[in-house]
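Take a look at the structure below.
Position 1 is the first residue of the sequence, and the numbers go up from there.
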Amino acid sequence: MVPRLLLRAWPRGPAVGPGAPSRPLSAGSGPGQYLQHSIVPTMHYQDSLPRLPIPKLEDTIRRYLSAQKPLLDDGQFRKTEQFCKSFENGIGKELHEQLVAQDKQNKHTSYISGQGFDRHLFALRHLAAAKGIILPELYLDPAYGQINHNVLSTSTLSSPAVNLGGFAPVVSDGFGVGYAVHGNWIGCNVSSYPGRNAREFLQCVEKALEDIFDALEGKSIKS
């Protein structure tokens with residue numbers, strides 16, 4: 001199922017407050033409607049961006065546990081902590097060293113750091129599979145499966161040459177949202193597997209965006 005939503009542009013006006021120059025989505029007057037715009041092509045500085053290093057394994061584990069803590073009860077969290085400690089001090093350490101060695105041989109790639117942990121752990125899991133290593137207990141932990149079960153997956157590709165695209169769900173009970181923001185309209189396609197009501201989800205998206213429009217226009221939000 002792939003329902004489509006095309007939303008009106010809300011009343012436009014000049015941007016208020018500091019920031020880059022902006023352009024209205026369509027003609028009109030009203031507070032707050034604008035998109036950032038630049039005369040510099042999007043990928044102009046891509047080659048000059050600094051290359052981010054692979055984070056330390058202990059930092060990734062710490063971020064992973066920090067993300068898991070609000071989702072698990074005390075008993076589940078202690079079990080997940082044990083899996084992480086065993087992984088960090090055992091096979092994870094060896095896999096990380098191999099990953100760093102591969103990274104040094106591929107200078108055209110880069111890792112995202114910040115508060116992320118999923119790409120690092122995924123890369124170590126993929127490396128273990130490629131080496132024929134038995135999957136470490138960390139990846140068999142139900143908590144790992146739960147935090148990587150992404151019910152909502154989104155993506156966008158806004159271009160004058162593209163009216164609207166699609167993006168598939170990545171789990172059987174999830175939604176895939178392909179969205180676009182253009183000069184005078186925004187919209188999205190929502191896809192799902194059988195058993196999920198994508199049309200109902202789309203109605204919720206529409207209601208949320210209409211509430212945002214009303215707030216920007218100074219109107220009361222309808223319940």
Under 3.5 Å donor-acceptor, D73 side chain and Q76 backbone: yes

Side-chain donor/acceptor of N89 to backbone N/O of K85, under 3.5 Å: yes

Do you know the tightest heavy-atom contact between [X] and [Y]?
{"X": "L65", "Y": "C84", "value": "CD2-SG, 3.7 Å"}
{"X": "F201", "Y": "V177", "value": "CE2-CG2, 3.9 Å"}
{"X": "P169", "Y": "S191", "value": "CD-OG, 3.2 Å"}

With sequence neighbours left out, what residues match E88 under side chain to side chain donor-acceptor pair (under 3.5 Å)? none

Taking side chain to side chain donor-acceptor pair (under 3.5 Å) as the definition, give me every residue that meets it alongside K207, ordered by chain and number, with sequence neighbours left out. D211

Counting only heavy atoms from other residues, nucleotides and ligands, does the tally under 6.0 Å from NE2 of H126 exceed 12? no

Can you sort out the partners of T156 under side-chain contact (heavy atoms from CB on, under 4.5 Å), two or more places apart, ordered by chain and number? S158, Y179

Hey, does [Y] have a side-chain heavy atom less than 4.5 Å from the side chain of [X]?
{"X": "F175", "Y": "S153", "result": "no"}
{"X": "E58", "Y": "R62", "result": "no"}
{"X": "F77", "Y": "L71", "result": "no"}

Non-neighbouring partners of F167 that pass ring pair (Phe, Tyr, Trp, His ring centres under 6.0 Å), sequence neighbours left out: none

Show me the donor-acceptor pairs within less than 3.5 Å that the side chains of residues 136-148 make with the rest of the protein, sequence neighbours left out.
residue: Y139; atom: OH; partner: L121; partner atom: O; Å: 2.6
residue: Y139; atom: OH; partner: R125; partner atom: N; Å: 3.3
residue: D141; atom: OD1; partner: A143; partner atom: N; Å: 3.2
residue: D141; atom: OD2; partner: T80; partner atom: OG1; Å: 2.7
residue: N148; atom: ND2; partner: Y144; partner atom: O; Å: 2.9

Between L135 and L127, is there a shared hydrophobic cluster once you connect ILVMFWY residues whose side-chain heavy atoms come closer than 4.5 Å? yes

Can you name the salt bridge (Lys or Arg N to Asp or Glu O under 4.0 Å) partners of [X], sequence neighbours left out?
{"X": "K104", "answer": "none"}
{"X": "D118", "answer": "none"}
{"X": "D173", "answer": "none"}
{"X": "K69", "answer": "none"}

Other ILVMFWY residues reachable from V170 by side-chain steps of under 4.5 Å: V171

Per-pair distances, 0.1 Å, donor-acceptor, side chain in residues 90-97, under 3.5 Å, sequence neighbours excluded:
residue: E94; atom: OE2; partner: Q98; partner atom: NE2; Å: 3.4
residue: H96; atom: ND1; partner: H120; partner atom: NE2; Å: 3.0

Can you tell me how far CG of N150 sits from CG of L152, rounded to the nearest 0.5 angstrom? 8.5 Å

With rounding to the nearest 0.5 Å, note down the distance linking SG in C188 to CG in L209. 7.5 Å

